[in-house]
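Okay, structure first, notes after.
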Amino acid sequence: MAKQLVLMDHDGGVDDYLATMLLMTMDNVQPLAVVVTAADCYAQPAVNATRKILDLMGFSDIPVAESKVRGINPFPNLYRRDSYVVDHFPILNQQETITTPLVAEPGEDFTVKVLQKTTEPVTIMATGPLTNIATALQKAPDIEAKIKRIVWMGGALNVPGNVEKNWEPGQDGSAEWNAYWDPISVAQIWDTQIEIIMCPLDITNNVPVTSEIVQKMGKQRNYPLSDLAGQCYALVIPQDYYFWDVLATAYLAKPELFELKHIETEIITDGKSQGATKIVSGGRKVFVMDKVDKQAFYHYILQQWKR
């Protein structure tokens, strides 16, 4: 069976690194590149950490690009600073230099280049805002035909969002952060004909990062990937944290663990609900991850990181 061609598009949060790491373990995937957007991170440490992870895993041939796009509603600095912590983990700093290449052109331009070059349709695995993809499509509309689908961790349909009022006064709490960072770009993607598979908060809320799962990673920390994953999750365990990006990415290798629904939706682009993903009759049809075999998912990631 031919491997899925995948372009990873992430925004440098703790779980973005782990989603990238999970992607690299998949036998059915051919990663083409990783593009980093400075949304839930600071750009330099996020790009460096991504390159160091690829070095650690033996994927130094996969190029990394830094997108220069910026959103409308920035993530809180408190969230973004984790990128500095991950970049300084000892396990990622055993070598003097980074081998994985950082391409010269901005990530949005490199996205265009990668898609125009490929002869087969590409899955975009998006675990952050959709701004980089929307910008690439504006620059080169012809690349839409090269995108097989976008698998996106983002949105909230029948549950509250995670943009809390204490961080963003004037908002009603309905938006999820990846959508809220730049709701206009999300709406632009919704206006395309590209197949979209959403992994919203509705499903991720049921798959928390627990002390038990982190302890299981600790028991296999003689494997570098388990060691790194355990360190990352230990960093965030004091807060309510979920397998957001890792769960979404797992779909590429284990779709049989998920149940999807076909739902009509729209994106709210302004006002107190900006960034909200609403269920609306006659709206844009998207596939939504509705249910997952949680225990099978936990087992899968533990097995994948046992290397």
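Hydrogens, waters and symmetry mates play no part in the numbers below; they use all other heavy atoms, side chains included. Small disclaimer: the values here were computed from a predicted structure and weren't measured.
- Going from atom CE of M153 over to atom CG of D15 covers 8.0 Å, rounded to the nearest 0.5 Å.
- The existence of a salt bridge linking K254 and E256 is confirmed by a sub-4.0 Å separation between a basic side-chain nitrogen and an acidic carboxylate oxygen.
- Distance alone, capped at 3.5 Å, places no donor-acceptor pair between the N178 side chain and the G155 backbone.
- Looking at residues two or more places apart in sequence or on another chain, you find a side-chain hydrogen bond (donor to acceptor under 3.5 Å, both in side chains) between R149 and Q4, T123.
- Using cut-offs of 30° and 60° on the angle between ring planes, the pair Y42 and Y84 is tilted.
- T25 and Q304 share a donor-acceptor pair across their side chains, judged by distance under 3.5 Å alone.
- Residues T100 and D55 bring a donor and an acceptor atom of their side chains to less than 3.5 Å of each other.
- Between Y233 and W305, the angle of the ring planes lies from 30° to 60°, which puts this pair in the tilted group.
- Counting non-hydrogen atoms of neighbouring residues, nucleotides and ligands closer than 6.0 angstrom, the CG atom of D240 reaches no more than 12 such neighbours.
- Here the rule is side-chain contact (heavy atoms from CB on, under 4.5 Å) with W244, and of T204, T127, D16, V14 only T204 fits it.
- To the nearest 0.5 Å, the span separating CG on D40 from CZ on R81 amounts to 12.5 Å.
- The existence of a salt bridge linking E108 and K139 is excluded, since no basic side-chain nitrogen approaches an acidic carboxylate oxygen closer than 4.0 Å.
- Defined by atom type and a distance below 3.5 Å, a donor-acceptor pair is missing between the side-chain atoms of Q171 and N73.
- Note that SG of C232 and OH of Y241 are 8.5 Å apart. Values are rounded to the nearest 0.5 Å.
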